[in-house]
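Written out below as structure tokens is the structure these notes cover.
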2 protein chains.
Amino acid sequence: MKINELEPEKLEQAANMLKAIAHPMRIAILGHLDDGKKLTVTEIHELLNIEQSTTSHHLGILKDKGVLQSKREGKNTYYFLKHCSLSNIVDCVSKCTMG
Amino acid sequence: MKINELEPEKLEQAANMLKAIAHPMRIAILGHLDDGKKLTVTEIHELLNIEQSTTSHHLGILKDKGVLQSKREGKNTYYFLKHCSLSNIVDCVSKCTMG
DNA sequence: AATAATTATGCAAATATATAAATATATTCT
DNA sequence: AGAATATATTTATATATTTGCATAATTATT
């Protein structure tokens, strides 16, 4: 029962992290970023067939809440998981929604 | 990359499940429901020191989205995890917010 | 320096969510 | 049936989120 030792601010932070993930498109984004993969904004916006600005928005939210990290290389910005264990969350939820 | 095989409705369902969890009080509730524990509404509302109606509301959301299950026994309703692997999500997020 | 390519931001309208108070429903006990 | 206990629902207000468009900012190329 580790979470109960968390102070309210840590609870809040955990909630914000999950809230960032809890969106269909953002789950889809994370689905493409397993195994340490790094993708650019354009690659993601083409993969998922969503607007560029919308894509950037979603990536910004995921980065802001500590789910993703980014690294600029020339014209491109690569996004990737900050903690690779975060893939487990997507795995777990997708398994639980299969039944 | 299992999640990418999910249809949009499944993605939506996964997002709803995570959205249900992504709230400070609801994370705290789940923190008390690990290891197959079952708790009543009153127990939770006293443990967390929140309004009865608010507690019931949060539990209703968790149940509606498939995170919890409930079982009435007399005057009491016991709530517990539907898939015990869901504890991993809380564990994972709390670990990731520690650093 | 002008253009193209990539990414990020500001804005606004529609939609969704949170909270608490009041009330309703369900069950047990006398 | 009536009172007490436990849980659920309704309602209203406040707040937050999503989305796409328009635009700005950054970097590379010619």
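A note on names: the letters A, B, ... follow the listed sequences, proteins ahead of strands, and every chain is numbered from 1.
- Taking atom NE2 on A/His57 and atom C1' on C/dG10, their separation rounds to 9 Å, with Å as the unit.
- Under the 3.5 Å distance criterion, with hydrogens and angles disregarded, no donor-acceptor pair is assigned to the side chains of A/Thr97 and B/Lys10.
- One N or O donor and one acceptor, one from the side chain of A/Gln52 and one from the base of C/dA8, sit under 3.5 Å apart.
- For A/Thr77, whose side chain is taken as the heavy atoms from C-beta onward, the closest listed nucleotide among D/dT18, D/dA28, C/dA8 is C/dA8.
- Judged by the 6.0 Å distance and 45° axis criteria, A/Lys71 is not positioned over the aromatic ring of A/Tyr78.
- Listed nucleotides: C/dA18, D/dA8, D/dC21. Nearest to the side chain of A/Glu51: D/dC21.
- Atom OH of B/Tyr79 and atom C1' of D/dA8 are 8 Å apart (whole Å).
- Looking at which nucleotide of DNA chain D each of B/Lys75 and A/His23 is closest to, the 5′-most match is held by B/Lys75.
- Between the CD1 atom of A/Ile50 and the P atom of D/dG20 there is a distance of 8 Å, rounded to whole Å.
- Out of C/dT7, D/dA6, C/dA21, the shortest distance to the side chain of A/Arg72 is found at C/dT7.
- Of the side-chain N and O atoms in B/Ser56, one or more sit less than 4.0 angstrom from OP1 or OP2 of D/dA8.
- Contacts of B/Thr40 with the nucleic acid, taken as non-hydrogen atoms under 4.0 Å apart, involve only primed sugar atoms and P, OP1 or OP2.
- The 5' end of DNA chain C is approached more closely, in terms of each residue's nearest nucleotide, by A/Asn76 than by the other of A/Asn76 and A/Thr54.
- Nearest nucleotide to the side chain of B/Lys19, out of D/dT27, C/dT17, C/dT19: C/dT17.
- The distance between atom CG of A/Asn16 and atom P of C/dA18, rounded to the nearest whole Å, is 12 Å.
- As a whole-Å value, the separation of B/Asp64 CG from D/dA8 C1' is 13 Å.
- The closest donor-acceptor contact from the side chain of A/Ser94 to the backbone of A/Val90 lies under 3.5 Å.
- If you measure from atom NE2 of A/His45 to atom P of C/dT7, you get 10 Å, rounded to the nearest angstrom.
- Listed for the B/Glu46 side chain is no donor-acceptor partner under 3.5 Å among the backbone atoms of B/Glu43.
- With hydrogens and angles ignored, the 3.5 Å screen pairs a side-chain donor or acceptor of A/Arg72 with a backbone N or O of A/Gly74.
- Taking atom CD of residue A/Glu73 and atom C1' of nucleotide C/dT7, one finds them 14 Å apart after rounding to whole Å.
- Computed from coordinates, the B/Ile61 CD1 to D/dT10 C1' distance equals 14 Å when rounded to whole Å.
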